[in-house]
2 protein chains.
Amino acid sequence: METTGTRTDTCAGPPQPDRRPDGQDSYTISEVAAFTGLTAHTLRWYERIGLMPHIDRSHTGQRRYSNRDLDWLDLVGKLRLTGMPVADMVRYAELVREGDHTYGARYELLEETRRDVLARIAELQDTLAVLDRKIAFYGDAGHALASERPR
Amino acid sequence: METTGTRTDTCAGPPQPDRRPDGQDSYTISEVAAFTGLTAHTLRWYERIGLMPHIDRSHTGQRRYSNRDLDWLDLVGKLRLTGMPVADMVRYAELVREGDHTYGARYELLEETRRDVLARIAELQDTLAVLDRKIAFYGDAGHALASERPR
DNA sequence: TATGACCTTGGAGTGCACTCCAAGCAAGCG
DNA sequence: CGCTTGCTTGGAGTGCACTCCAAGGTCATA
């Protein structure tokens, strides 16, 4: 239903070192779901919203994911847990699809994301400090005199 | 409209060192919104769902937040950006309201949260490594040979 | 005292990221 | 052949965390 688009080969950015299970380069949607922890629903949804490249199909129209698709999903998974909105990831995917002239924009986006991640790590370390202080209080002195806000 | 509930005094857990702006211990909802970055809508919503203690009211029924309420909101803010669901924070608030016999449960909850935070920091550092590799690629070699997945 | 900014309420609406559904096709097996 | 399992689609539904609205009361200031 869709002729396979332009295939700029070699693997994504830094050549992902770990090739996925078994030999072939062709996985069903449920295999991919098992590998990634996403549901098949979510994988199809990612495709609909433009977060995925055009996925190969079998002669009967079923999706056949490649190792490179899995690499992409790896990246998406990583970006997802930085809190990056799906819309931004779609934007990045679009830049990749648009070709080499978007290198600058992609670099920018990655740099910005990097800054976000650093900031989030700092926030979490801050929170960790607060938790540690609270936990220390509950551990000893707290039992006698600590009090919190509710009621 | 609400007689002020039991007031276990002294400040929350570890005595928060920084007293908030100006002298008094009484802030309007919009002042609190300004301090915390939350909207007044959100502050009222937090109250409705049981995430806040019973807030003092002026003689005409307007909310008057205390420094201790601000301390609580500080904690809530920190927990919020660990990704803790609001429902869990409500649970914690309930434990505090229920009194001293919930110390164990509170301690548990904080410990678990601490573990989550550590895990999330680790994930983010992992993601950071991926981003750094990708950025390095875009910085130099990438310009010639990198390729991603979409299309 | 009147104007405008601020506060109150219950309930409805929004945006995000899924998550599921119904109807239907295709492949493998006893 | 019939059955089960797995895949397909568009579209509708869900849960979370807000976010806003309408209608009305309050407060400071010119």
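So that the names make sense, note that chain A is the first sequence line, chain B the second, and so on, each numbered from 1. Not measured: the values here are computed from a predicted model.
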Worksheet item: With a 4.0 Å cut-off on heavy atoms, is A:Arg80 in touch with a base, just the backbone sugar-phosphate, or nothing at all?
Response: sugar-phosphate

Discussion item. Just by distance, no angles: are the side chains of A:Tyr65 and A:Asp56 close enough, under 3.5 Å, to form a donor-acceptor pair?
Written reply: no

Response to the item:
Sorted by chain and number, sequence neighbours left out, side chain to side chain contact (heavy atoms under 4.5 Å, CB included) with B:Thr36 holds for B:Val32, B:Leu38, B:Leu73

Discussion item. Without decimals, in angstroms, what is the distance between A:Ile29 CD1 and D:dG6 C1'?
Written reply: 11 Å

Fill in: Residue whose nearest DNA chain C nucleotide is more 5′ - A:Tyr46 or B:Gln62
B:Gln62

Item to complete: Ignoring the backbone of A:Ser30, work out which of D:dT26, D:dC7, D:dT9 is nearest its side chain.
Response: D:dC7

Item to complete: With heavy atoms under 4.0 Å as the rule, sort A:Ser58 into base, sugar-phosphate or nothing.
Response: nothing

Worksheet item: When you list every nucleotide of DNA chain C with an atom under 4.0 Å from a heavy atom of chain A, which one comes first 5' to 3', and which comes last?
Response: C:dA17 to C:dA27

Fill in: Nearest-nucleotide 5' precedence on DNA chain D, B:Arg64 against B:Pro85
B:Pro85

Worksheet item: B:Asp116: what forms a side chain to side chain donor-acceptor pair (under 3.5 Å) with it, not counting sequence neighbours?
Response: none

Worksheet entry | side-chain N/O A:Thr60 vs D:dT8 OP1/OP2, d < 4.0 Å | no

Response to the item:
Taken in chain and number order and not counting sequence neighbours, the residues that satisfy side chain to side chain donor-acceptor pair (under 3.5 Å) with B:Arg63 are B:Glu47

Worksheet, complete the sentence: Between B:Ala87 and B:His59, the residue closer to the 5' end of DNA chain D by nearest nucleotide is B:Ala87

Worksheet item: What residues, two or more places apart in sequence or in another chain, satisfy side chain to side chain donor-acceptor pair (under 3.5 Å) together with A:Arg114?
Response: B:Asp132

Discussion item. My understanding is that only residues two or more places apart in sequence, or in another chain, count here; which of them pass side chain to side chain donor-acceptor pair (under 3.5 Å) with A:Glu94?
Written reply: A:Arg91

